K.L.:
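Below is a structure I'd like to ask you about.
In the text below, chain A, chain B and the rest are named by the order of the sequence lines, each starting its count at 1. These numbers come from a predicted model, not from an experiment.
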Amino acid sequence: MDYNFQEIEQQWQAEWEKAEVYKVDNHSDREPFYVLDMFPYPSGAGLHVGHPLGYIASDIYSRYKRLQGFNVLHPMGFDAYGLPAEQYAIQTGQHPEKTTNENIARYISQLKKIGFCYDWDRQVRTCDPQFYHWTQYAFIRMFDSYYDADQQKARPISELVARFEAEDPAWKTMSEKEQQQRLMQYRIAYLADTKVNWCPKLGTVLANDEVSEGLSVRGGYPVEQRVMRQWCLRVSAYAGRLLEGLDRIDWTESLKETQKNWIGRSEGAEMRFNIKGQDEPFTIFTTRADTVYGVTFMVLAPESEYVKRVVTAEQKEEVESYLDRCRHRTERERIADRKVTGVFTGSYAINPLTQGEIPIYISDYVLAGYGTGAIMAVPAHDSRDYAFAKHFNLPIIPLIEGADVSEQSFDAKEGKMINSGILNGLEVKDAIRRMKEYITETGIGRVKVNYRLRDAIFSRQRYWGEPFPIYYKDGMPYTLPEECLPLQLPEVDKFLPTESGEPPLGNATVWAWDEEHRQVVEKSKINHTTIFPLELCTMPGFAGSSAYYLRYMDNHNSSTLVDKDVNAYWRQVNLYIGGTEHATGHLIYSRFWNKFLYDLGLVCEDEPFKKLINQGMIQGRSNFVYRYIGEGATGNLYVSYNLIDTPEYKDKVQPIHVNVNIVHNDILDIEAFRNWMPEFKDARFIYSDGSSDFDNPYSQIFAEKQYICGWAIEKMSKSMFNVVNPDDVVKNFGADTLRLYEMFLGPLEMSKPWDTNGIDGVHRFLRKIWNMYETVSDDEPTRDELRSLHKLIKKITWDVENFSFNTSIPAFMIAQNELNGLKCNKRAVLETVAILLAPYAPHIAEAMWHRCGHTTFVVDAQWPEVNEEYLQEDGVKYPVQFNGKVRFTLTLPKDMSKEDVEKAVMQNEETAKYLTGTPKRVIVVPGKIVNIVL
RNA sequence: GCCGCGAUGGUGGAAUCGGUAGACACGAAGGACUUAAAAUCCUUUGACCAGUGAUGGUUGUGCGGGUUCAAGUCCCGCUCGCGGUACCA
């Protein structure tokens with residue numbers, strides 16, 4: 001019987017659904033195992049073949065773990081809030097909820113066709129009030145917590161209040177508003193005036209990881225700096241723990257490295273510099289305390305608090321105009337134009353070691369948000385200071401022996417110190433240590449660790465996001481009572497900001513908080529005594545994705561985020577698969593979020609993702625036709641790719657993207673091309689053999705007349721006409737072929753282009769293996785059959801455990817070939833092959849399993865064990881002569897002693913032929929190969 | 001600039017612990033079956049040289065060195081490509 005993949009796949013998908021085979025129980029004697037995919041944002045374009053790559057890998061692993069007897073949690077959901085749906089709503093007036101639900105429905109149908117073993121009953125959507133209830137809940141808890149530096153964990157803000165009451169007499173005399181303002185400086189979720197990335201085109205602020213090179217990651221619009229009052233999360237408080245936690249998790253080195261860089265720990269010192277003629281000193285941060293003798297000027301960030309204090313009357317005007325210029329420069333302009341700019345403040349600082357006077361400047365190469373926003377400049381040993389010094393003609397004092405600073409600074413941390421008072425003669429490393437000791441002893445400064453990681457800006461001036469459970473009383477924010485959650489997103493009539501510039505929620509009419517009756521009421525009723533305005537911003541995309549993995553554990557629980565016992569059973573995600581693009585966003589935020597919940601005792605593990613694998617991106621493979629634009633061109637003639645470099649056509653053709661779905665193995669479907677777009681209706685061709693339609697008007701009916709298309713690797717996108725829809729692949733080749741082929745393309749972590757050429761190979765394999773199940777016999781398998789089978793078991797087990805899925809497919813093909821060559825149709829062999837194939841190609845494996853006479857599902861089978869006995873294969877192989885010596889290659893059992901190896905060599909018939917005496921030297925690689933040098 | 005990763009036939013890629021480089025697949029060429037096509041099956045396929053031939057030899061994993069009986073794999077120095085990050089003091 002033919003391999004009717006459509007019938008097989010539909011039948012078994014239906015059977016699995018009916019029997020609820022993928023339903024996962026929270027209570028089981030089996031060991032738990034949690035395999036998670038990064039849930040997708042359901043975009044309007046639907047899935048393309050690149051998206052399921054990671055899902056297929058995690059599905060294979062889940063099924064494997066399940067066959068090994070684990071209780072596997074493998075859920076899927078949707079990151080449903082986000083900008084595209086809202087932008088679409090602004091353009092078309094369609095409610096984002098409607099388009100989002102439509103997109104989700106499409107995603108689910110696409111995912112189901114591929115045959116994943118998700119427990120769909122555990123689906124979560126971030127825009128579902130039952131889900132964002134717990135996003136809001138976490139926010140309230142963050143608002144009600146502060147970070148205790150001594151205990152290094154989050155504690156209830158009430159403890160801080162108690163401490164203030166006990167220790168600070170001023171506390172009781174403060175008004176409520178003053179108290180609230182003071183607490184705001186400690187809360188983990190806090191409101192602050194901060195310099196933010198404002199994107200005028202999107203009409204919202206963005207977090208640091210949502211901006212790249214001065215442009216928004218989504219949309220690529222310019223971003224400028226603005227000071228705004230925003231909700232922030234004190235992620236920076238967790239910087240040390242986020243860094244340290246990396247040592248305890250099994251992630252790729254490159255991803256850990258990216259996070260380490262993003263967190264940016266740097267060990268240095270804070271030092272106080274007195275200002276000439278003032279009492280109060282100011283503080284700088286440096287990692288090169290050893291260079292303090294070479295400080296020739298100081299620099300403040302334009303936004304620094306110190307600026308006001310040090311600007312003299314004479315310099316005031318010049319400084320003001322410089323600050324004004326900085327303010328109006330966008331981030332992008334600042335990056336594009338790296339010219340040295342700055343202004344003298346008129347004041348001088350006193351070097352605490354030399355007592356010399358040093359001028360204080362302002363320049364935007366110093367950042368307000370890092371360290372103290374002020375630096376001591378050492379032009380001889382810092383390239384940025386060097387450029388500044390050259391520009392403003394400031395002195396440059398070399399501090400390291402032999403360093404030539406006439407052309408450029410010497411930034412390396414090596415060499416012997418000179419011109420450096422107490423440090424002279426020391427190596428740089430020792431000099432840094434010595435100076436730290438010195439400043440600590442003398443009270444000039446202290447050792448300090450700084451982090452590059454900033455607090456996350458948490459407000460978005462958007463509609464389609466989680467509303468904040470916050471209302472404002474006397475200008476200060478208050479949280480809604482937890483029992484009143486979720487605070488549902490209100491309806492609005494338009495999704496744009498209001499005319500007065502308020503965020504879109506300003507358009508909602510029912511959007512005020514009645515404190516007394518604890519409910520949302522009409523805005524018109526606001527009286528500021530019992531009825532107050534609600535927050536108009538919504539939360540950013542990463543809010544909903546920061547703890548979704550916890551919700552899958554217990555998604556129907558309406559009384560808590562996740563039940564304690566359930567959490568204690570699943571604990572954490574054992575395997576997380578997703579793209580590297582989330583390295584500095586989602587993967588930082590969710591680790592932070594989880595650690596916060598851990599501090600509160602709500603979850604039992606402080607790292608959410610035990611092991612993490614990054615799948616590579618699948619790029620598109622575009623095809624081109626080549627329009628003739630040389631002499632006499634009518635714009636309607638296309639030259640075959642193999643001819644475009646011939647003298648006749650060189651530089652006379654223009655490549656045009658052609659839809660990859662009408663190209664097969666780089667051969668253009670002429671008819672489909674003519675029907676593709678009106679402009680190609682009358683297209684004519686120069687074929688690969690150089691003939692053309694002009695020679696013979698009926699030429700295309702001859703098979704040998706082919707038009708070959710060129711190709712290139714590009715991003716998969718609509719505009720390149722290179723998008724391949726998994727639905728089409730499933731329809732033409734089947735889900736099992738798609739799954740196998742995606743794995744076969746190359747290593748999981750590597751980026752690789754999708755190339756439909758070649759899919760026939762794996763499809764052919766499935767057809768061949770299917771044919772082996774035509775008749776199943778109950779005879780005993782032979783030793784050769786068993787050897788073949790156990791080689792396969794060993795290989796597949798190793799592959800799955802090491803995520804080397806791409807090398808499994810050849811192993812299956814080889815085994816299929818061997819078994820077919822042995823005419824093997826033994827049930828014992830075939831049913832084991834079905835189990836091995838089940839993670840990769842579950843539908844055909846299920847059908848094969850049933851052909852072996854089973855009435856149960858293959859997903860409930862047991863993963864086979866390797867019997868080493870069948871793998872033994874002793875004997876001599878490949879005696880090779882080289883350079884007058886003879887090298888014998890023997891395959892010998894493991895754990896053989898040197899003497900035994902020598903004995904085995906001497907006794908072996910083959911090798912004995914070559915041996916005339918005792919070998920000079922025997923080199924042994926256990927279990928593998930022996931070289932004997934005579 | 002800094003950090004990380006990579007480079008193997010016409011193509012995707014394999015070689016898992018330093019041990020037969022090119023598995024497996026695609027493509028290509030030739031053949032079988034067929035009225036024909038599709039499908040299927042078989043053979044060949046890194047390059048070069050010799051031979052009618054089985055076969056034999058040389059060369060070969062981006063470039064230049066090194067370690068080793070043995071290097072795609074380890075070490076040093078480059079070139080190119082990809083990714084991250086960028087005035088972080």
Side-chain angles (χ1 to χ4, degrees), chain A residues 2 212-213 252-262 264-266 268-269 284-289 291 299 301 334-335 338 340 363-367 369-378 381-385 387-388 411 450-454 580-581 583-584 614 616-617 621 665-666 703 711 740-741 744-747 749-765 767-768 771 794-795 798-799 801-802 804 806-814 816-817 877-878 880 882-883 885 887 889 891 920-934:
Chain A
D2 279 354
S212 178
E213 299 188 349
T252 60
E253 280 312 309
S254 72
L255 193 78
K256 285 189 188 179
E257 199 60 34
T258 305
Q259 287 216 339
K260 274 181 198 162
N261 292 342
W262 187 259
R265 183 181 199 270
S266 76
I284 58 94
F285 175 77
T286 182
T287 52
R288 292 293 301 272
T291 60
V299 189
R334 214 166 64 84
I335 290 163
R338 282 232 179 153
V340 176
S363 174
D364 66 358
Y365 83 85
V366 175
L367 305 177
Y370 185 76
T372 62
I375 61 153
M376 62 179 211
V378 186
H381 302 290
D382 183 291
S383 55
R384 295 152 304 179
D385 297 345
F388 195 88
D411 291 16
N450 250 325
Y451 294 95
R452 204 186 75 107
L453 185 71
R454 309 289 167 78
T580 22
E581 66 272 22
T584 55
N614 294 118
M617 284 246 250
R621 187 179 187 276
N665 288 345
D666 293 335
W711 56 272
L740 280 181
Y741 189 57
F744 183 65
L745 275 176
E749 296 93 334
M750 205 190 268
S751 278
K752 58 231 161 205
W754 176 265
D755 183 357
T756 308
N757 302 345
I759 197 167
D760 294 322
V762 287
H763 188 68
R764 222 167 278 160
F765 156 70
R767 208 156 48 204
K768 280 192 253 178
N771 288 336
K794 192 173 184 177
K795 170 79 176 137
W798 192 94
D799 282 347
E801 269 168 9
N802 293 280
S804 180
N806 56 320
T807 58
S808 281
I809 287 100
F812 278 121
M813 289 172 175
I814 292 165
Q816 189 275 329
N817 241 321
K877 278 183 181 174
Y878 318 113
V880 177
F882 69 106
N883 296 345
K885 300 170 216 162
R887 188 180 81 192
T889 308
T891 309
K920 232 186 251 168
R921 201 161 159 197
V922 179
I923 299 144
V924 183
V925 181
K928 287 220 165 159
I929 278 161
V930 188
N931 281 294
I932 304 111
V933 182
L934 294 167

K.L.:
State which residues pass ring-ring contact (aromatic ring centres under 6.0 Å, His included) with A/Phe388; sequence neighbours excluded, sorted by chain then number.
P.N.:
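Applying ring-ring contact (aromatic ring centres under 6.0 Å, His included) to A/Phe388 gives A/Phe297, A/Tyr361, A/Tyr365, A/Phe392.
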K.L.:
With nearest nucleotides of RNA chain B determined for A/Asn817 and A/Pro747 from heavy-atom distances, which residue corresponds to the more 5′ nucleotide?
P.N.:
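Of the two residues, A/Pro747 wins.
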K.L.:
Give each protein N/O atom lying under 3.5 Å from an N/O atom of nucleotides 72-75 of chain B, with the pair distance.
P.N.:
none

K.L.:
Taking only residues two or more places apart in sequence or in another chain, which ones pass side chain to side chain contact (heavy atoms under 4.5 Å, CB included) with A/Asn806?
P.N.:
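So A/Asn806 forms a side chain to side chain contact (heavy atoms under 4.5 Å, CB included) with A/Pro747, A/Ser804.
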K.L.:
If the condition is side chain to side chain donor-acceptor pair (under 3.5 Å), which residues does A/Gln259 pass it with, not counting sequence neighbours?
P.N.:
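Here the qualifying residues are A/Arg591.
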K.L.:
ring-ring contact (aromatic ring centres under 6.0 Å, His included) with A/Trp262: which residues, sequence neighbours excluded?
P.N.:
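Applying ring-ring contact (aromatic ring centres under 6.0 Å, His included) to A/Trp262 gives none.
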K.L.:
So does A/Asn450 get a side-chain nitrogen or oxygen closer than 4.0 Å to the phosphate oxygens (OP1/OP2) of B/A89?
P.N.:
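For A/Asn450, the contact criterion (side-chain N or O under 4.0 Å from OP1 or OP2 of B/A89) is not met.
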K.L.:
Between the protein and nucleotides 30-34 of chain B, list every N/O to N/O distance that falls short of 3.5 Å.
P.N.:
none

K.L.:
Could you pull out the protein-nucleic contacts involving nucleotides 2-10 of chain B (nitrogen or oxygen on both sides, under 3.5 Å)?
P.N.:
unit_1, atom_1, unit_2, atom_2, d
B/C3, O2', A/Glu257, OE2, 3.4

K.L.:
Stem list for RNA chain B, please, built from Watson-Crick and G-U wobble pairs under 3.5 Å and keeping only runs of at least 3.
P.N.:
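For RNA chain B the paired stretches long enough to count as stems (3 pairs minimum) are B:1-7 with B:79-85, B:10-12 with B:24-26, B:27-32 with B:40-45, B:46-50 with B:55-59, B:62-66 with B:74-78.
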K.L.:
For B/U40, take OP1 and OP2 only and decide whether either is under 4.0 Å from a side-chain N or O of A/Arg767.
P.N.:
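Yes, within the criterion.
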K.L.:
Return the set of residues passing salt bridge (Lys or Arg N to Asp or Glu O under 4.0 Å) with A/Arg265 (not counting sequence neighbours), or none when no residue passes.
P.N.:
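Here the qualifying residues are A/Glu267.
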K.L.:
For B/U40, take OP1 and OP2 only and decide whether either is under 4.0 Å from a side-chain N or O of A/Arg764.
P.N.:
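Result: yes.
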K.L.:
Quick one: is A/Tyr370 getting a side-chain N or O under 4.0 Å of the B/A89 phosphate, OP1 or OP2?
P.N.:
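Yes, because at least one side-chain N or O of A/Tyr370 sits under 4.0 Å from OP1 or OP2 of B/A89.
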K.L.:
For A/Lys795, check salt bridge (Lys or Arg N to Asp or Glu O under 4.0 Å) against everything at least two apart and list the hits.
P.N.:
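So A/Lys795 forms a salt bridge (Lys or Arg N to Asp or Glu O under 4.0 Å) with A/Asp799.
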K.L.:
Please list, chain by chain and in numerical order, all residues satisfying salt bridge (Lys or Arg N to Asp or Glu O under 4.0 Å) with A/Arg288, sequence neighbours excluded.
P.N.:
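Only A/Asp290 meet the salt bridge (Lys or Arg N to Asp or Glu O under 4.0 Å) criterion with A/Arg288.
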K.L.:
Syn if the chi torsion is within 90° of 0, anti otherwise; quick check, which is B/G9?
P.N.:
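Base orientation: syn.
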K.L.:
Going by the rule ring-ring contact (aromatic ring centres under 6.0 Å, His included), which residues pair with A/Phe812 if we only count those two or more places apart in sequence or in a different chain?
P.N.:
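A/Phe812 satisfies ring-ring contact (aromatic ring centres under 6.0 Å, His included) with A/Tyr840 once adjacent residues are dropped.
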K.L.:
Report the distance from atom OH of A/Tyr370 to atom CG of A/Leu453, rounding to the nearest 0.5 Å.
P.N.:
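So the OH of A/Tyr370 and the CG of A/Leu453 are separated by 11.5 Å.
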